[in-house]
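All of these numbers come straight from a predicted model, not from anything done at the bench. Every number for a ligand or one of its atoms is a count from 1 in the order of the listing. Side chains included, hydrogens not; waters and symmetry mates left out as well; all remaining heavy atoms used.
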Amino acid sequence: MPQLVALTRDISPSIVNCELTHLAREPIDVERARTQHLEYERALARLGCSVRRLSAGADMPDSVFIEDAAIVFDEIAVITRPGAVSRRPETAEVARVLSHHRPVVQIVAPGTLEGGDVLVAGRSIFVGRTSRTNDAGIGQLRAAVHSYGYDVVPSTVRGCLHLKSAITALDDRTLLANRQWIAEDEFSAFELFDVDSTEPSAANIVRVGANLLYAAAFPRTQERLERRGYAVTAIDVSEIAKAEGAITCCSLIFRGGGAAELS
Ligand code: CIR
């Protein structure tokens, strides 16, 4: 079984000028954010990932949110075209690095797509229709993965930035969700596990094999998950969250090796 690779990216000094959609701007302590980011990487390493961090320039305020720049499947990597224009410079280096692991396909104009809108659950790929991801982008993603047997399903998102702010996978059959921000009938093939109603942003969780990496800001939902038997590691990412980033956004996790090794 190939090892899991986790690509991460530096926190830019310009993160203080990050994109914000649903949050008011608050001062971000860049050093504190970097310390939290390092803890995040250490947690991924403890859970078995080989962590590789890419550098980022001052012209990329949101570089740390590397999840939005690509979607990595076992077969190919799809490089996105972010809906946020300020984020488009992020993709070139991610494409270069991923080309060592997978054949690469690029989303092109007029398509827009951000990885935060793409939830892969088995052979189903749910894609949020949001201010960042349009129908042309969804269509290009469908064309890129169709021959590998994936079914691409456009999904409703309301009240949050990305689809994965509202719903992520706990295991192959169960999705952690805030039902207020999705159309639950679109996920009828799955069991929905509800976030605690006092923690609306708690539906974003990182799955690493049988383990889950989670933000410490959601203790009530964490307790529910643990009562159900899930193994949850919680870390403090409060400074990064001020940039409207959730915990999945800070890594691209995929099975290592080239496509040939995986087949
Ligand atoms: C943005 O608005 O693009 C960043 N400030 C936050 C991106 C978070 N990414 C994600 O949820 N996948």
Side-chain angles (χ1 to χ4, degrees), residues 6-30 33-34 36-37 40 44 54 56 58-72 77-91 94 107 112-120 125-134 137-138 141 155 157-169 175-178 181-182 195 199-207 213-215 217-218 237-254:
L7 286 188
T8 63
R9 198 155 197 188
D10 272 346
I11 293 184
S12 169
S14 62
I15 190 172
V16 294
N17 300 319
C18 66
E19 295 280 343
L20 290 176
T21 307
H22 295 276
L23 289 187
R25 197 168 295 280
E26 284 183 71
I28 296 176
D29 179 334
V30 178
R34 288 196 171 125
Q36 292 179 352
H37 188 238
Y40 174 83
L44 287 175
L54 312 189
D59 58 334
M60 297 180 198
D62 283 300
S63 58
V64 66
F65 304 121
I66 190 170
E67 169 185 67
D68 293 321
I71 306 105
V72 187
V78 175
I79 307 303
T80 67
R81 181 170 180 269
V85 175
S86 72
R87 301 202 56 190
R88 292 191 186 151
E90 294 174 30
T91 58
V94 175
I107 301 296
T112 63
L113 183 74
E114 294 191 3
D117 276 320
V118 182
L119 170 60
V120 182
I125 306 176
F126 297 97
V127 190
R129 301 172 80 204
T130 66
S131 62
R132 304 295 181 86
T133 294
N134 65 18
I138 296 173
L141 174 65
S155 305
V157 181
R158 49 176 96 91
C160 61
L161 179 60
H162 287 125
L163 177 66
K164 279 192 287 192
S165 321
I167 186 163
T168 51
L175 306 176
L176 178 63
N178 174 345
W181 290 350
I182 58 166
V195 298
E199 297 174 343
S201 300
N204 185 276
I205 199 160
V206 180
R207 191 177 164 195
L213 183 60
Y214 202 38
F218 311 119
V237 284
S238 52
E239 209 58 34
I240 297 169
K242 292 178 185 170
E244 209 168 345
I247 198 154
T248 61
C249 326
C250 298
S251 57
L252 277 170
I253 299 176
F254 56 89

- Item | Candidate pair K164 and E67, rule salt bridge (charged side-chain N to carboxylate O under 4.0 Å, His left out), full reasoning | CA-CA 11 Å; K164 279 192 287 192; E67 169 185 67; 2.9 Å; yes
- Item | CA sep, side-chain torsions, deciding dist, call: I240, H37, side chain to side chain contact (heavy atoms under 4.5 Å, CB included) | CA-CA 8 Å; I240 297 169; H37 188 238; 4.1 Å; yes
Can you find an N/O atom of [X] closer than 3.5 Å to an N/O atom of ligand 1?
{"X": "D62", "result": "yes"}
{"X": "A243", "result": "yes"}
{"X": "H162", "result": "yes"}
{"X": "E67", "result": "yes"}
{"X": "D68", "result": "yes"}

Ligand 1 contact by [X], heavy-atom criterion under 4.0 angstrom:
{"X": "R132", "answer": "yes"}
{"X": "T21", "answer": "no"}
{"X": "A84", "answer": "no"}

- Task: For a side-chain contact (heavy atoms from CB on, under 4.5 Å) with C18, tell me which candidate from K242, M60, R25 qualifies.
- Result: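 So the option named by the test is R25.
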- Would a 4.5 Å heavy-atom cut-off, applied to side chains only, mark R132 and D68 as touching?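 Contact flag for R132/D68 side chains = no.
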- Task: Decide yes or no for P82 and T91: does some side-chain heavy atom of the first lie under 4.5 Å from some side-chain heavy atom of the second?
- Result: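 Answer yes - side chains close enough.
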- Message: When you measure from the side chain of D117 to the backbone of L163, do you find a donor-acceptor pair of N or O atoms at a distance under 3.5 Å?
- Response: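 Side chain of D117 to backbone of L163, a donor-acceptor pair under 3.5 Å: yes, one is there.
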- Would you mind listing which atoms of ligand 1 come within a distance below 4.0 Å of any non-hydrogen atom of G245?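 That gives atoms 8 (C) of ligand 1.
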- Message: What verdict does the side chain to side chain contact (heavy atoms under 4.5 Å, CB included) test give for R87 and T80, after you've listed the backbone C-alpha separation in whole Å, the side-chain angles of each residue and the deciding distance to 0.1 Å?
- Response: CA-CA 10 Å; R87 301 202 56 190; T80 67; over 6 Å; no
- Looking only at heavy atoms, is any part of K164 under 4.0 Å from ligand 1, and if so is it the side chain, the backbone, or both, or is it neither?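 No part of K164 comes within reach of ligand 1.
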- Message: Using a 4.0 Å heavy-atom cut-off, which part of L161 comes near ligand 1: side chain, backbone, both, or neither?
- Response: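 Side chain only; the backbone of L161 stays clear of ligand 1.
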- Query: Who's closest to atom 10 (C) of ligand 1 heavy-atom-wise, of C249, G116, P61?
  - Reply: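 When every heavy atom of C249, G116, P61 is considered, C249 comes closest to atom 10 (C) of ligand 1.
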- F218 vs Y214 aromatic rings, parallel, tilted or perpendicular, using cut-offs 30° and 60°?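 Aromatic pair F218/Y214 classed tilted.
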